[in-house]
2 protein chains.
Amino acid sequence: MSDRHDRSTARQTSQRLGGSVSGVNSRDWRPRYLQLAEELRARIESGELARGTAMPSETELADSSGLSRTSVRNAIRQLREWGLVRAEQGRGTYVRAPRQRIRRRNTERYQWEKDRVLLDEAERRRTGGTEHDTGLTVDDLKFHAEYSEVKADEEMAAAFGLPVGTPLLRRVYWTSSRHETAPLSASYSYLPYDLVKGNKHLLSADYEPWPGGTQHQLSTVGIELDRIEEVVQARPPLPDEAELLDIEAGVAVLDVRKTSYDIRDRVVEIADVVFPGDRTELCFTTKLKRWNA
Amino acid sequence: MSDRHDRSTARQTSQRLGGSVSGVNSRDWRPRYLQLAEELRARIESGELARGTAMPSETELADSSGLSRTSVRNAIRQLREWGLVRAEQGRGTYVRAPRQRIRRRNTERYQWEKDRVLLDEAERRRTGGTEHDTGLTVDDLKFHAEYSEVKADEEMAAAFGLPVGTPLLRRVYWTSSRHETAPLSASYSYLPYDLVKGNKHLLSADYEPWPGGTQHQLSTVGIELDRIEEVVQARPPLPDEAELLDIEAGVAVLDVRKTSYDIRDRVVEIADVVFPGDRTELCFTTKLKRWNA
DNA sequence: GAGTGGTCTAGACCACTGT
DNA sequence: CAGTGGTCTAGACCACTCC
């Protein structure tokens, strides 16, 4: 851990590995599958292997590199972990579009959402939270929502401070851009059923997309939020998350457990939001009190 | 993405995979290396393969499971990506201690650090930020610090809003518990040299551990912080990060780019803090303004 | 020197995708 | 159907660790 002027580079490329390689060279001391991986990475980044196009097949690569197919597969596994290619059974291996990291400003977002509750509906409908994040309009976005009633298991009960078995409204939703396949995040939200049953619009997915977000929905049943606590962790994706978010098995997800407290200090919503780790940045701002204040 | 009553489980175990497996069964439709991986996972979680002990060697596993060594290695690769085992060249593969996730409350931490600046030194010295996080005392902790002067590259210059080539003080540090090998995080911090040169204590690692943290250090040269912005992302570890933080290549790190602004709205510190993804939770709190205020 | 994990080969069969 | 990636085998040599 001595020489690291390039720490910052790691944030941008997600990778920083040795010098350039112009072929699989037996004089190089690194394993040959890694040399091949880095050569292919260079060809992708130079644009020679363009985004969306098929890579040479494994047998072709084995022939052209002089390596066995096993070694070629090791190289491709490396590229997949780097998020550079996507393998599809029976079809081929494709160069991924270079992923632009989407920055989500959570701290500002929540206050913005709260302020918006006081606006009239026409105004709210114009732009929602996702549109705020992405700069896209509602016509570019495709919503998925799924509502159900469940009973609190031990973990949820503890998180809400309610008895096990308490009815909860469970909402699963994600939003995709119409021009891209994979959603930007997947969200699993839980609300105590008793809190929201006063407004029938909250109980069914038929009314989605609801203009104004969860804070507005809660305001219709008399709930004002005081603070939101978010616990961020990185973990491997579940198989279905990998599919939904279009990430390789080796790429982590950012998992945010969001807990909302109302002004009476009750937990009124718990949401698990899952982001693809290779294209998401979460931004938090901590405002500090003045010493002389 | 239909049936997900177990979303929450994913947060705790980092893994949730099919039912239990009591052997590598050819009737099972899953690949046999995965069956073996899950069988071994069950044996680890049951305690049969205790933490810290060596796994059966690859050849032993090949013999006992009736699979080839290649398939056994695939299974072990899976276990490594799950963070359950650590392979050491020439020695063996060892069961990892089950990792307790450490929760780091960033939002509260920074205000706490700021408040502490106003305390006297004896008080400050009693507990530092790391001790605050971990509950350990200074005697249990081992500090590493390394200072150097560097010139701002393009990225750093842009982040600071200063010309390329501006001298920066670069500080690399990490803290380990004396009882554990791997540090909880690694930190790479940059300060404009001109800002801190007024206090020679800030320019050398000899004075570490400095009681009071960066905010106190900055206060000695007349700087008061206004806010801290943190951008969180998940990415694969660099090879040396994997070694330092004791994680497998397949496990992601949480990378936090922390930017500190002073009350004159200058960027006064930029720090990249890297956490092992398999045992870190970052907690952020967003306090919302009252509607009636 | 014996044992370990890391790399590598030259095959094979499979499920899946296109035409 | 031919071609693709996914799985699997039965070997081999290497660097490394420990005795």
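A, B, ... follow the sequence lines: proteins, then strands. Residue 1 opens every chain. Quick caveat, the model's predicted, so the values are computed rather than measured. Side chains included, hydrogens not; waters and symmetry mates left out as well; all remaining heavy atoms used.
Partner of A:E248 under the side-chain hydrogen bond (donor to acceptor under 3.5 Å, both in side chains) criterion, out of A:R86, A:R96, A:R77: A:R96 alone. Each of A:M156, A:K258, A:E155 was compared with A:I270 under the side-chain contact (heavy atoms from CB on, under 4.5 Å) criterion, and only A:M156 meets it.
Residues B:L79 and B:A37 come closest through the heavy atom pair CD2-O, 3.5 Å. Nearest heavy-atom pair, A:V273 versus A:S187, reported as atom, atom and distance to 0.1 Å: CG2-OG, 4.0 Å. Nearest heavy atom pair, residue B:G277 against residue B:R101, reads O-NH1, 3.1 Å.
One can place CG of A:N74 at 13 Å from C1' of D:dG6, the figure rounded to the nearest angstrom. Remark: C1' of C:dG3 and CD of B:E60 are 10 Å apart, rounded to the nearest angstrom. Rounded to a whole Å, the CG atom of A:L61 is 16 Å from the P atom of D:dG3. The distance from atom CD of B:Q78 to atom P of D:dC8 is 12 Å, rounded to the nearest whole Å. Nucleotide D:dG6 holds its C1' atom 14 Å from the CD atom of A:E88, rounded to whole Å. Rounded to whole Å, the distance from CG on B:D63 to P on C:dT4 is 11 Å. In this entry the distance linking CZ of A:R73 with C1' of D:dT7 reads 8 Å, nearest Å. Rounded to an integer number of Å, the gap from B:Q35 CD to D:dT7 P is 12 Å.
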Going 5' to 3' along nucleotides 9-19 of chain D, which nucleotides have protein heavy atoms under 4.0 Å from the base (write B), which only from the sugar-phosphate (write S), and which from neither (write -)?
-> BB-B--BBBS-
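When the shell of 6.0 Å around CD of B:E243 is examined, it contains 12 or fewer heavy atoms from other residues, nucleotides or ligands.
Within 4.0 Å of B:R80, counting heavy atoms only, lie sugar-phosphate atoms of the nucleic acid but no base atom.
In this structure the side chain of B:L36 never reaches within 4.5 angstrom of the side chain of B:R41, judged on heavy atoms. In this structure, B:I44 and B:R51 have side chains that are not in contact, with every pair of non-hydrogen atoms separated by 4.5 Å or more.
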Dot-bracket line, read 5' to 3' along DNA chain C, where crossing pairs take [ ] and | marks a partner on another strand, Watson-Crick or G-U under 3.5 Å = |||||||||||||||||..
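Between the A:E241 side chain and the A:L238 main chain, a donor and an acceptor come within less than 3.5 Å of each other.
For C:dT7, one of the phosphate oxygens OP1 or OP2 lies less than 4.0 angstrom from a side-chain nitrogen or oxygen of A:Y33. Considering only side-chain N and O atoms, B:S57 lies nowhere under 4.0 angstrom from the phosphate OP1 or OP2 of C:dG3.
Closest approach to the B:E58 side chain among C:dT4, C:dG5, D:dG5 is made by C:dG5 (side chain taken as heavy atoms from C-beta onward).
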